[in-house]
Colleague: 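Got a structure for you, questions after.
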Amino acid sequence: MEDSTAKGLKEARKRRERIAKVKAVIIGVVGIWLFLSVAICWFLAWKMYRLEEKVDYLLDNFTVSGRMEAESKQTVPDTDESTYFNLENSIDESLMDEMDYGVVPAMNQKENMADEDDAHRVYLTFDDGPSGNTSQILDILQKYNLKATFFVIGREGEENEALYKRIVEEGHTLAMHSYSHKYKDLYASMESFVDDFSKIQNYLYKVTGKECLFYRFPGGSSNKVSNTNMSEFITYLNEQGITYFDWNVSSGDATSQAYTPEELVQNVMTDVVRYKTSIVLMHDAETKTSTVQALEPMIQALLGMGAEILPIDENTTVVQHIAALSVEQ
């Protein structure tokens, strides 16, 4: 009888052990499944974020820079108009008299075409920072004792705020490129644009104590993705005394084509020789390592041709795809 009882207890114990093992396996499988599910969700969210960034970068140059790159390989027409620049043939002096905002007039691009003996002024501009690449770019500029212009977006945190301050402290021009850089939000309405503009202007002043006077529209003033007529935004900037800059030379670092550093340099040098004043479009976002690698040889090539490299200021010849003074006040 005792043997039978002991045997029953032993079998019961083994059954409990088997059940415990099954439970452990089930719990382990469920735990792994939950962990993998969370990891996959985080991975997909990260991929979506990076994809959205890439879409923004492509939009930056898709509507304007793509046309410019094609046109840079063509002979500039001997006319006051081109398919790229939608500027007035001359600045109306009566408009100048009416302007109380101190906005600098845009120059007609035909007047900006360089003859063989003309000096070249080159303004290196960087959009979409700050990032880790910004510090490397600042190091290179410091090495050559040169100043550039940084059209920044809103990025909070101590590291980014230190970069905003460094840009100002080292004598570069700190300029605005919107706070969010989200096309669908920024250009949704006049109200959303004003809110975004005020946010980036106030934020940069709070961080650096510097009043920013220059702006660059994400995608440029002639972009085709805005839901609102760009002239409304241009009018607003005019009223705020803000001069906005587009560009007439593109490195190509925001296009769908993955240029090598050598090709980025070549893209810039091919066009810089055409103009007395060149506003060069580049980017210092986190993914733009090729731009960092291209910067030093680009500087060497520009200095080698005798170009003067300057930061944008109130005396800079303004390059705008849609001239601010052509927009009714």
Side-chain angles (χ1 to χ4, degrees), residues 57 60-61 65 68-73 76 109 112-152 163 166-175 177 214 216 245-255 257-313 315-319:
Y57 293 145
D60 254 343
N61 265 16
S65 298
M68 188 176 71
E69 287 180 14
E71 288 162 14
S72 69
K73 298 177 176 61
V76 177
Q109 276 305 110
N112 194 28
M113 304 309 297
D115 293 326
E116 185 175 350
D117 297 328
D118 284 332
H120 297 274
R121 291 188 172 187
V122 178
Y123 297 83
L124 302 178
T125 71
F126 300 90
D127 289 8
D128 299 352
S131 74
N133 285 327
T134 305
S135 59
Q136 296 182 65
I137 288 171
L138 288 168
D139 290 343
I140 294 170
L141 292 169
Q142 188 175 56
K143 176 181 177 180
Y144 288 88
N145 193 29
L146 295 172
K147 311 302 179 188
T149 302
F150 292 83
F151 287 95
V152 300
L163 287 169
R166 184 182 172 189
I167 289 170
V168 172
E169 290 168 356
E170 295 185 2
H172 305 283
T173 296
L174 182 68
H177 192 45
F214 307 110
R216 173 171 284 160
F245 277 82
D246 287 308
W247 59 91
N248 57 358
V249 175
S250 173
S251 66
D253 66 353
T255 62
Q257 182 171 346
Y259 287 110
T260 65
E262 293 75 19
E263 289 171 329
L264 294 179
V265 175
Q266 185 60 44
N267 289 343
V268 170
M269 298 306 299
T270 297
D271 280 349
V272 159
V273 296
R274 302 169 63 197
Y275 302 116
K276 300 174 189 175
T277 294
S278 295
I279 309 295
V280 180
L281 174 68
M282 292 184 284
H283 296 77
D284 60 328
E286 199 68 47
T287 58
K288 301 305 176 183
T289 53
S290 292
T291 303
V292 177
Q293 295 166 10
L295 182 57
E296 188 162 7
M298 184 185 300
I299 288 173
Q300 293 171 347
L302 289 169
L303 295 176
M305 66 173 278
E308 187 178 11
I309 301 175
L310 301 164
I312 287 175
D313 61 20
N315 298 314
T316 303
T317 297
V318 178
V319 172

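It should be emphasised that the depicted structure is a prediction, and the values quoted were computed from it without experimental measurement.
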Colleague: After noting the C-alpha distance and the side-chain angles of Ile299 and Leu141, does the key distance pass the side-chain contact (heavy atoms from CB on, under 4.5 Å) rule?
Modeller: CA-CA 9 Å; Ile299 288 173; Leu141 292 169; 4.1 Å; yes
Colleague: Can you find a pair of side-chain heavy atoms, one from Lys147 and one from Asn145, that are under 4.5 Å apart?
Modeller: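 Yes; the side chains approach each other to less than 4.5 Å.
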Colleague: Taking C-beta and beyond as the side chain, do Arg166 and Ser135 meet within less than 4.5 Å on heavy atoms?
Modeller: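 Yes, their side chains come closer than 4.5 Å.
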Colleague: In the structure I gave you, are the side-chain heavy atoms of Glu296 and Tyr144 within less than 4.5 Å of one another anywhere?
Modeller: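 Side-chain contact under 4.5 Å: yes.
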Colleague: Looking at OG1 of Thr134 and CD of Glu286, how far apart are the two atoms once the value is rounded to the nearest 0.5 Å?
Modeller: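 Thr134 atom OG1 to Glu286 atom CD measures 8.0 Å (nearest 0.5 Å).
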Colleague: Measure the spacing between NZ of Lys288 and CD of Gln293 and express it to the nearest 0.5 Å.
Modeller: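 If I round to the nearest 0.5 Å, the distance is 12.5 Å.
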Colleague: Mind checking the CE-CG spacing from Met113 to Asn248? Nearest 0.5 Å is all I need.
Modeller: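 It comes to 9.0 Å.
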Colleague: Rounded to the nearest 0.5 Å, how far does NE2 of His172 lie from CG of Leu146?
Modeller: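 It is 9.0 Å, given to the nearest 0.5 Å.
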Colleague: Can you give me the closest heavy-atom contact between Pro261 and Ala294, atom names plus distance?
Modeller: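 Shortest heavy-atom separation between Pro261 and Ala294 comes out as O-CB, 3.5 Å.
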Colleague: Closest approach of Pro311 and Ala148, non-hydrogen atoms and distance?
Modeller: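 Residues Pro311 and Ala148, closest heavy atoms: CB-O, 3.6 Å.
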Colleague: Could you check whether any side-chain N or O of Ser251 sits under 3.5 Å from a backbone N or O of Met282, counting only pairs where one atom can act as donor and the other as acceptor?
Modeller: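 Judged by distance alone, no pair lies under 3.5 Å.
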Colleague: Give the minimum heavy-atom separation between Asp115 and Asp118, together with the two atoms involved.
Modeller: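 Looks like N-OD2, 2.7 Å.
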Colleague: Over all heavy atoms of both residues, which pair between Leu264 and Gly252 is shortest? Give the atoms and the distance, please.
Modeller: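 Looks like CD2-C, 4.0 Å.
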Colleague: Tell me if a side-chain donor or acceptor on Asn133 pairs with a main-chain N or O of Asp284 at a distance below 3.5 Å.
Modeller: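 No, because the side chain of Asn133 does not come within donor-acceptor range (under 3.5 Å) of the backbone of Asp284.
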Colleague: Considering all heavy atoms of both residues, which atom of His120 and which atom of Ala114 are nearest to each other, and what is their separation?
Modeller: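 Taking every non-hydrogen atom into account, CE1-CB, 3.7 Å.
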Colleague: Would you say that Trp247 contacts Val280 through its side chain, given a criterion of any heavy-atom pair below 4.5 Å between the two side chains?
Modeller: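 Trp247 vs Val280: side chains apart.
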Colleague: Could you check if a side-chain atom of Asp127 sits within less than 4.5 angstrom of a side-chain atom of Leu281, using non-hydrogen atoms only?
Modeller: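 Of all side-chain heavy-atom pairs linking Leu281 with Asp127, at least one is under 4.5 Å.
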Colleague: At what distance, to the nearest 0.5 angstrom, does OH of Tyr123 lie from CG of Leu310?
Modeller: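 One finds 4.5 Å between OH of Tyr123 and CG of Leu310.
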Colleague: About how many Å separate CG of Asp253 and OG of Ser290, when rounded to the nearest 0.5 Å?
Modeller: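 Those atoms lie 8.5 Å apart.
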Colleague: Any non-hydrogen side-chain atom of Phe151 less than 4.5 Å from a side-chain atom of Thr125?
Modeller: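 Side chain of Phe151 against side chain of Thr125, heavy atoms only: contact under 4.5 Å found.
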Colleague: To check you understand the geometry: which heavy-atom pair defines the closest contact between Asn267 and Ser250, and what is its length?
Modeller: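 What the structure gives for the nearest pair is CB-O, 3.8 Å.
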Colleague: Hey, is the main chain of Thr316 close enough, under 3.5 Å, to the side chain of Asp313 for a donor-acceptor pair?
Modeller: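 Present.
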Colleague: Do Arg121 and Lys276 have side chains that get closer than 4.5 Å, going by heavy atoms?
Modeller: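 No. Closest side-chain heavy atoms not under 4.5 Å.
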Colleague: Whether Asp128 and Arg216 form a salt bridge (side-chain N of Lys/Arg under 4.0 Å from carboxylate O of Asp/Glu) is what I want to check.
Modeller: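 Judged by the 4.0 Å cut-off on N to carboxylate O distance, Arg216 and Asp128 do not form a salt bridge.
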Colleague: Is the shortest heavy-atom distance from the side chain of Phe126 to the side chain of His283 under 4.5 Å?
Modeller: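 Result no, sub-4.5 Å side-chain heavy-atom pair not found.
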Colleague: Of Leu124, Val319, Thr149, which meets side chain to side chain contact (heavy atoms under 4.5 Å, CB included) against Ile279?
Modeller: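 For Ile279, the side chain to side chain contact (heavy atoms under 4.5 Å, CB included) check succeeds only for Val319.
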